There are 2 protein chains.
Amino acid sequence: MSISIQMQLNERLYLKNPQDTKLGKKIIQYSIILIDEIGFEAFTFKKLAERISSTEASVYRYFENKHRLLVYLLCWYWEWMKFSIDYNTMNIEDPKQKLKIAISAIVDTSRRNTSIQFVDEDVLHRIVVAEATKAYHTKQVDEENKEGFFLTYKSLAKRIAKIIKEVNPDYPYPRALASTLLEMANNHIYFAQHLPSLTDIEVKEDDLSQVEELLEDFAFGLLIRD
Amino acid sequence: MSISIQMQLNERLYLKNPQDTKLGKKIIQYSIILIDEIGFEAFTFKKLAERISSTEASVYRYFENKHRLLVYLLCWYWEWMKFSIDYNTMNIEDPKQKLKIAISAIVDTSRRNTSIQFVDEDVLHRIVVAEATKAYHTKQVDEENKEGFFLTYKSLAKRIAKIIKEVNPDYPYPRALASTLLEMANNHIYFAQHLPSLTDIEVKEDDLSQVEELLEDFAFGLLIRD
DNA sequence: GTTTATTGGTAGTTTTACTATCGATTCGAG
DNA sequence: CTCGAATCGATAGTAAAACTACCAATAAAC
């Protein structure tokens with residue numbers, strides 16, 4: 001007997017579900033490693049194929065192009081973050097406590113959850129930090145949005161906005177704050193590592209507690225004004 | 001007699017100063033138009049050369065690659081925004097008023113200033129909104145940062161942080177707030193246009209006043225707590 | 001146990017991202 | 001007005017990226 005848990009993602013993102021086959025799983029697993037190593041721009045299906053001892057054409061059977069693969073990986077992370085927020089706030093009453101848990105998940109879901117699968121979530125998180133904005137900063141956003149590529153991200157933002165509304169129903173920008181928290185987390189981790197003068201926080205040895213403090217100060221500073 | 005005003009930008013960004021020659025100016029002028037039209041990913045030096053009835057090799061004489069051209073264009077805009085903030089806050093005493101002026105420039109410098117040059121700042125602003133994150137989200141950030149590619153952006157952020165400190169010297173995250181305001185402005189304009197569920201504001205017929213209100217609420221909400 | 005569908009592998013094409021070379025023109029200094 | 005340097009255009013070529021079409025092995029279905 002074997003238990004297999006599948007991550008349910010938008011079917012339009014792939015040509016053939018990579019979670020169904022051995023090669024498909026290898027594509028996911030090693031694309032994460034390779035994108036982290038060389039960056040998304042230098043990443044190609046040919047290099048990936050070489051790494052997994054397969055061929056370019058085989059990879060193209062699963063994904064139309066590398067952009068869709070990137071969106072797929074990001075959706076994987078976002079879906080997982082959403083689950084993490086839902087799961088960890090389930091029996092919590094206090095909205096403030098809920099928001100703290102959400103912020104903690106936003107900053108780094110991989111630290112707080114262990115997965116049973118072939119995906120190295122720690123490396124995936126690095127990809128999210130470095131490459132996430134590229135998912136929707138393209139000339140094809142509107143078409144891709146119509147195809148539902150960003151449903152996962154939008155519904156994640158909606159969940160966070162809902163918690164924000166619980167903390168303060170009168171706050172006029174719950175959705176904007178939600179997306180800003182999501183974007184800020186990645187930005188400030190990235191700034192701390194590469195352009196430190198653009199932030200006040202430090203990220204030492206992957207310790208992201210200061211990012212969490214920053215986001216909490218932001219969120220509660222805006223939501224709770226006496 | 002002719003007056004020529006030059007925008008002083010990092011010399012490492014180009015091979016030959018495009019502001020010195022007719023072709024160079026055409027490269028700047030039409031690269032802005034073309035990137036806006038087809039997006040940075042699809043933009044190539046060949047297409048640009050065709051548009052200006054020149055050759056690929058000629059364009060390569062000015063810029064090593066399209067990434068450096070993009071950074072050059074963005075630095076142009078940032079430099080200009082910095083000037084606009086300095087100029088418009090010169091005789092203002094009240095720090096709060098200064099910050100309002102800065103936010104107004106962050107949201108859209110092109111609306112508030114007319115330039116004498118061959119650059120269409122309105123189109124350039126669209127590029128900033130859509131493509132700015134790509135400037136530093138690359139595997140080469142650290143090297144490029146060492147070469148001073150992002151000095152303009154960092155010094156712009158510093159100026160804004162300075163104003164933030166004047167408004168509230170006790171606020172613990174002035175630099176983070178400054179970069180967040182810069183990033184947020186672009187993000188929420190982009191969201192309003194392409195992924196509206198990620199924001200609460202609307203951008204109707206290029207009216208960016210709601211973005212300004214959002215940023216003001218953010219900034220003052222965090223800086224002024226009674 | 002043969003047919004059929006699915007999978008993986010080979011071999012191309014077109015486009016991108018450059019580099020090198022060579023004339024032709026232009027533009028300023030003497 | 002002329003010489004020389006700078007600038008530009010034209011052509012050609014290369015390596016890699018981004019795909020496509022087609023073929024072969026094999027597993028599943030009847």
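Quick caveat, the model's predicted, so the values are computed rather than measured. Numbered from 1 within each chain, the chains take letters A, B, ... in sequence-line order.
Look at CZ on A:Phe63: it is 20 Å from P on D:dA17, rounded to the nearest Å. Rounded to a whole Å, the NZ atom of A:Lys16 is 11 Å from the C1' atom of C:dA5. The interatomic distance linking B:Leu70 (CG) with C:dA17 (C1') rounds to 16 Å, in whole Å. Rounding to whole angstrom units, CZ of residue B:Phe45 and C1' of D:dC8 are separated by 16 Å. Atom-to-atom, CG of B:Asn17 to P of D:dA6 comes out at 16 Å; the value is rounded to the nearest Å. Whole-Å rounding puts the A:Leu69 CG to D:dC19 P distance at 12 Å. Rounded to an integer number of Å, the gap from CZ of A:Phe43 to P of D:dA18 is 10 Å. One interatomic measurement links the two molecules: OH of A:Tyr60 to C1' of C:dT14, which rounds to 12 Å at whole-angstrom precision.
For A:Tyr173 and A:Thr180, the side-chain atoms include no donor-acceptor pair closer than 3.5 Å.
The side chain of A:Asn65 lies closest to D:dC19, out of C:dT21, C:dT10, D:dC19.
Among the protein residues, B:Lys47 comes within range of the sugar-phosphate backbone only, with heavy atoms under 4.0 Å from sugar or phosphate atoms but none that close to a base. Contact annotation for B:Lys46: no contact, since no heavy-atom pair falls under 4.0 Å across all strands. Using a 4.0 Å heavy-atom cutoff across all strands shown, B:Glu56 reaches at least one base atom of the nucleic acid.
Checked against the 6.0 Å centroid criterion, the rings of A:Phe83 and A:Trp80 do not qualify as a close aromatic pair.
Between B:Ser54 and the phosphate of D:dG9, there is a side-chain N or O to OP1/OP2 separation shorter than 4.0 Å. For B:Tyr62 and D:dC8, the shortest distance from a side-chain N or O to OP1 or OP2 is below 4.0 Å. Not one side-chain nitrogen or oxygen of A:Thr44 sits closer than 4.0 Å to the OP1 or OP2 atom of D:dA16. Within the 4.0 Å cut-off from OP1 or OP2 of D:dT7, not a single side-chain nitrogen or oxygen of B:Lys22 is found.
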B:Lys82 and B:Ser155: side chain to side chain donor-acceptor pair (under 3.5 Å), yes or no, with the steps?
CA-CA 8 Å; B:Lys82 197 173 72 177; B:Ser155 99; 2.8 Å; yes
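A salt bridge links A:Glu147 to A:Arg68: at least one charged side-chain nitrogen sits closer than 4.0 Å to a carboxylate oxygen. Ion pairing between a basic and an acidic side chain is recognised when a charged N comes within 4.0 Å of a carboxylate O; A:Glu41 and A:Lys134 show such pairing.
With a 6.0 Å cutoff to the six-membered ring centre and a 45° limit on the axis angle, B:Lys66 does not count as a cation-pi contact of B:Phe43.
Inter-axis angle, ends of the helix from C:dG1-D:dC30 to C:dG30-D:dC1, five pairs per end, rounded to 10 degrees: 20°.
Summary of the strand contacts: B:Ser53 and A:Glu41 both lie near DNA chain D, and taking for each the nucleotide with the nearest heavy atom, the more 5' one is attributed to B:Ser53.
Using cut-offs of 30° and 60° for the angle between ring planes, the A:Tyr190 and A:His194 rings count as tilted.
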